[in-house]
There are 2 protein chains.
Amino acid sequence: MLSKKNQYALKAISYLTKKMGKGPVSIVEIAEKKKIPLKFLEAILLELKKNDFLDSKKGKGGGYYLHKDPGTVSIASIIRAIDGPIALLPCVSLNFYAKCEDCHEKSCKIKKVFIETRDATLKVLENKTLLDLI
Amino acid sequence: MLSKKNQYALKAISYLTKKMGKGPVSIVEIAEKKKIPLKFLEAILLELKKNDFLDSKKGKGGGYYLHKDPGTVSIASIIRAIDGPIALLPCVSLNFYAKCEDCHEKSCKIKKVFIETRDATLKVLENKTLLDLI
DNA sequence: ATTTAGTCTATTGATTTGGTGGACTAAAGA
DNA sequence: TCTTTAGTCCACCAAATCAATAGACTAAAT
């Protein structure tokens, strides 16, 4: 399951996608509209900004906004930025690979099942973008 | 990602599937062969037994064994027994459904994406069985 | 009766999750 | 230039979960 943080992140960025082109949106507005704890959302938006999904403007009239073409931002990339691996096993993760100890069998059948699972999952998540959230 | 517990569970049950028909296998043997901490494995096997995946025999010559047709035991069912939900959001889980607060929009687009994801994932995990692990 | 092997309860240390509080900095506008 | 607005950064926290471990108990075989 995705963490609450990730669920909030998706709600927030989806909201910003809808509001795209209408100028920056304040954290307070997003928090109220999407019912997300303010300080928690603060941290989440900052993280999304550091991962280059969002940009922000300080001071009056400031806030966060999406600065990328929403059609090019995959849902998979957002999940990876917030929660990390999408694959169910470290040894089949494309972006967070870690070899599993004692899996000396050259062709681990467990691995095979989870590669197939990963591919099925990613086929959806890599091809869905922010546009699919609005 | 699957918990370590779940990874151990899969290794253990896969080992027992290979050894099927050859009588009970002791926890100690499984622990050594699959490099799983003994006491942790103990708890895991007990849980798998309580979920009716395994049966056991006490005393000398005892141990754990698979008592079901391995072709009928899906990988999805094992994951659910140990880690719980496979879906990425509570509100799209088939077996562990929980409604998400404040998702008053009748057709939540986020939900839609994750239903599709769930279905793609389950299409693999529901159709792979213990036979695919050996 | 002894050995073997599973069962049950409970505790534990480390890490992650889901937050909160408060000080600081940059920008706009009067 | 002062005030207000709004993002940034740091530090901390309680509760839950994870990954085990310890030890006493029970059932079966010889």
Side-chain angles (χ1 to χ4, degrees), chain A residues 1-12 16 19 23-32 34-67 79 82-85 88-90 96 98 100-101, chain B residues 1-12 16 19 23-32 34-67 79 82-85 88-90 96 98 100-101:
Chain A
M1 299 257 287
L2 298 185
S3 67
K4 222 92 173 54
K5 189 177 176 184
N6 210 328
Q7 298 177 39
Y8 290 152
L10 289 170
K11 285 189 183 192
L16 288 174
K19 294 268 187 172
V25 183
S26 76
I27 303 181
V28 172
E29 177 182 338
I30 305 173
E32 277 169 2
K34 306 310 279 181
K35 304 241 172 73
I36 302 172
L38 183 63
K39 294 294 285 180
F40 198 13
L41 178 59
E42 220 179 271
I44 293 167
L45 291 173
L46 204 51
E47 200 170 332
L48 285 172
K49 180 185 176 179
K50 288 196 173 135
N51 280 281
D52 199 36
F53 292 106
L54 300 176
D55 211 342
S56 64
K57 203 162 126 24
K58 280 186 174 180
K60 188 162 196 189
Y64 279 93
Y65 54 96
L66 190 66
H67 73 307
I79 295 177
I82 302 295
D83 274 356
L88 291 176
L89 294 179
F96 299 85
C100 48
E101 320 302 313
Chain B
M1 298 256 288
L2 298 185
S3 67
K4 224 92 172 51
K5 190 176 175 186
N6 211 328
Q7 298 178 40
Y8 290 152
L10 288 169
K11 285 189 181 189
L16 289 175
K19 292 269 187 173
V25 183
S26 75
I27 304 180
V28 171
E29 178 182 337
I30 305 173
E32 278 169 1
K34 305 311 280 182
K35 304 241 172 73
I36 301 171
L38 183 62
K39 295 294 286 180
F40 198 11
L41 178 59
E42 223 179 87
I44 293 167
L45 292 172
L46 204 51
E47 200 170 333
L48 287 172
K49 180 185 174 179
K50 289 195 172 134
N51 280 280
D52 199 36
F53 291 108
L54 300 176
D55 211 341
S56 65
K57 203 160 126 27
K58 280 185 173 179
K60 187 162 195 190
Y64 279 93
Y65 54 96
L66 191 66
H67 73 307
I79 295 177
I82 301 296
D83 273 356
L88 291 176
L89 294 180
F96 299 85
C100 48
E101 320 302 314

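In what follows, every chain begins at residue 1, and chains take the letters A, B, ... in the order their sequences are listed.
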Rounded to the nearest angstrom, tell me the gap between atom [atom1] in [X] and atom [atom2] in [N].
X	N	atom1	atom2	answer
B/Glu29	C/dT4	CD	P	16 Å
B/Glu47	C/dC8	CD	C1'	14 Å
B/Leu46	D/dA24	CG	P	19 Å
B/Gln7	D/dA20	CD	P	10 Å
B/Ile36	D/dT21	CD1	C1'	16 Å
A/Ile44	D/dC9	CD1	C1'	16 Å
A/Leu45	D/dG7	CG	P	8 Å
A/Glu32	D/dA6	CD	P	11 Å

Quick check: do [X] and [Y] have side-chain heavy atoms less than 4.5 Å from each other?
X	Y	result
A/Lys11	A/Ile30	no
B/Leu10	B/Leu2	yes
A/Lys49	A/Asp55	yes
B/Tyr8	B/Lys34	no
B/Asp52	B/His67	yes

Can you check whether A/Lys58 has a side-chain N or O nearer than 4.0 Å to OP1 or OP2 of C/dC24? no
Do the side chains of B/Lys50 and B/Glu47 get close enough for a salt bridge, i.e. N-O under 4.0 angstrom? no
Sugar-phosphate, base or nothing in reach of A/Ile27, heavy atoms under 4.0 Å: sugar-phosphate
A correct 5'-to-3' footprint of nucleotides 15-23 of chain C, with B, S and - meaning base, sugar-phosphate only and no protein heavy atom under 4.0 Å, is ---SSBBB-
How close do B/Ile27 and B/Leu41 get, counting heavy atoms only, and between which atoms? O-CD2, 3.6 Å
Along DNA chain D (nearest heavy atom to each residue), the more 5'-positioned of B/Leu41 and A/Ser26: A/Ser26
5' precedence on DNA chain C between B/Ser56 and A/Lys60 (nearest-nucleotide basis): B/Ser56
